[in-house]
There are 2 protein chains.
Amino acid sequence: MLPSSTVENYLKAIYVGETHLTGGEQLVPMGQLAGALGIAPGTATTMVKALSESGLVVYEPYNGVRLTAAGQKLAARVLRRHRLIELFLVQVVGMKWDEVHDDAEQMEHVVSDRLIERIDEMLGQPEVDPHGDPIPTADGQLPHRTLESLLTCPLHTPVTVARVTDQDAAFLRFIESHNLKPGQTIEVEARDDVSDSVRLKGANNALMTIGARAASKLLVTG
Amino acid sequence: MLPSSTVENYLKAIYVGETHLTGGEQLVPMGQLAGALGIAPGTATTMVKALSESGLVVYEPYNGVRLTAAGQKLAARVLRRHRLIELFLVQVVGMKWDEVHDDAEQMEHVVSDRLIERIDEMLGQPEVDPHGDPIPTADGQLPHRTLESLLTCPLHTPVTVARVTDQDAAFLRFIESHNLKPGQTIEVEARDDVSDSVRLKGANNALMTIGARAASKLLVTG
DNA sequence: GATTTAATTTTGATTACTCAAAATTGACAA
DNA sequence: TTGTCAATTTTGAGTAATCAAAATTAAATC
Ligand SMILES: [Mn+2]
Ligand SMILES: [Mn+2]
Ligand SMILES: [Mn+2]
Ligand SMILES: [Mn+2]
């Protein structure tokens, strides 16, 4: 049976959820999964039990869910498609980086393997999407770079924005308008815990202050 | 309520079915509709009754179905998307004309209006798709050219292939390999009712004979 | 250890879409 | 006019996905 769009979305959400796990955690909690998919918790439970029957996930009642090897392979395929499509829409079609997420969210389920291969070829086997998110390889490996956020990187040291971990269109437009897109070089001038803010020097030496919450979503390389 | 992919497919099939109606016929028979969609006849009846409730079609039991103005508007929108996407995949992505139908069949339901507009713009508001099928305008008009088929056009007279009315990949590859794609100039040398065939002179003066059934699917302009 | 609470699961129901097979209809032919 | 038949509709049933609200569980608090 080929997986439905719904199943693909569940697997992808679990896959992404797993990458967010910190410390010794192994399982994505049902609440987090339901939240990520925008569905009722009971629905997630029912569905995950079905996925478990199909051998795509391991489900531990009251603890959470994780992917099997089979589930991981499918999830990586969907995520690869999503990110290739996003980059394609920006690079080839000329859409803006804050416009492409929703289209990719739908197209990832329906375009043919042939079209995805063609896109990958046109883009020259890219490694990251327009937001700096890594693109899983054709054989299902997710390249991992260790990145620091603007909350943890060294002060007074030039760093390059590598990734923006928030798909919200308004946030992305804010980032763009302040010249903080991936590829741009910036410097953290100061951090202030009391005011919960981070002071930055942008590409054009422009100074700006952003909240810690926003700063945590900007990942950089040294 | 925005229409589901299923509803869009029904409306599109009725729309296309209506254009195939000859003579005084007004209604698309349920059998033809079910056949076009690859579903059981009873399913079509049930669904059409629901579409009728929604005001998208007029349903006459035992006679057939036709679109209301509202249904026509939606159907034209889907067909426009389908054909723009096909042309985009050929012109921009570099896929072959026999590969694009299935991708378009799915993408037509999910891509955003913004992406469709961008595609229309990139292609310069095209009037026909890769198979010569007319593209409905943004306001829902389907441009109509009167075309003759190779069964009815004059003999020994140069004509230009304008449209191929069969999406089957093998058929399209046959047409392409014999230099009979839209735009190419050919001439009908002879028709033979007994052998059910048509003799052609191709672009390169190559002679070939094709069956009447195939010939009827090649539409030309004088 | 008992109690409260938050997360999770279960229950019961709904919507959308589908099929196979039985019943019906309407057109045509005998 | 009646019988036949093909097309169509109806019936009964099933799958996939969803929700709201009740019940349960496990963990944290008292
Ligand atoms: Mn999706
Ligand atoms: Mn992205
Ligand atoms: Mn379709
Ligand atoms: Mn076409």
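First the proteins, then the strands, lettered A, B, ... as listed; each starts at 1. The analysis underlying the following values was restricted to heavy atoms, covering all of them including side chains, and did not include hydrogens, waters or symmetry mates. Just so it is clear, the structure is predicted and the values come from calculations on it, not from any experiment.
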Original post:
Nearest-Å distance, CG (N9(A)) to P (dA17(D))?
Top reply: 11 Å
**OP:** Calculate the interatomic distance between M30(A) atom CE and dT10(C) atom C1'; express it in whole Å.
**Re:** 13 Å
Subject >> Spacing of K49(B) atom NZ relative to dA16(C) atom C1', expressed in whole Å >> reply: 16 Å
**OP:** Can you measure from CD (Q106(B)) to NE2 (H82(B)) and round to the nearest 0.5 angstrom?
**Re:** 10.5 Å
Subject >> Length of the NE2-P vector between H109(A) and dA16(D), whole Å >> reply: 18 Å
**OP:** Please say whether more than 12 non-hydrogen atoms of neighbouring residues, nucleotides or ligands are located less than 6.0 Å from NZ in K217(A).
**Re:** yes
Original post:
Parallel, tilted or perpendicular: which fits the ring planes of H131(A) and W97(A), with parallel below 30° and perpendicular above 60°?
Top reply: parallel
**OP:** Summarise protein proximity over nucleotides 19-28 of chain D in one line of letters, 5' to 3': B for base, S for sugar-phosphate only, - for none, counting protein heavy atoms closer than 4.0 Å.
**Re:** B-----S---
Original post:
Can you tell which of dT18(C), dT9(C), dA17(D) lies closest to the side chain of T6(B)?
Top reply: dT18(C)
Original post:
For Y10(B) and dC17(C), what is the distance between atoms OH and C1' respectively, to the nearest whole Å?
Top reply: 8 Å
Original post:
When rounded to the nearest 0.5 angstrom, what distance separates NE2 in H109(B) from CE in M107(B)?
Top reply: 11.5 Å
Original post:
Within this structure, what is the CE-to-P distance between M47(A) and dA16(D), rounded to whole angstrom?
Top reply: 9 Å
Subject >> Nucleotide dC17(C), atom P - distance to CG of L11(B) in whole Å >> reply: 11 Å
**OP:** Please report the closest heavy-atom contact between T19(B) and V16(B), naming both atoms and the distance.
**Re:** OG1-O, 2.6 Å
Original post:
What is the distance, rounded to the nearest whole Å, between atom CG of L33(B) and atom P of dC17(C)?
Top reply: 14 Å
**OP:** Looking only at side-chain atoms of Y59(B), point me to the closest of dT8(C), dT9(D), dT8(D).
**Re:** dT9(D)
Subject >> Any side-chain donor near an acceptor of the partner, S197(B) and D192(B), under 3.5 Å >> reply: no
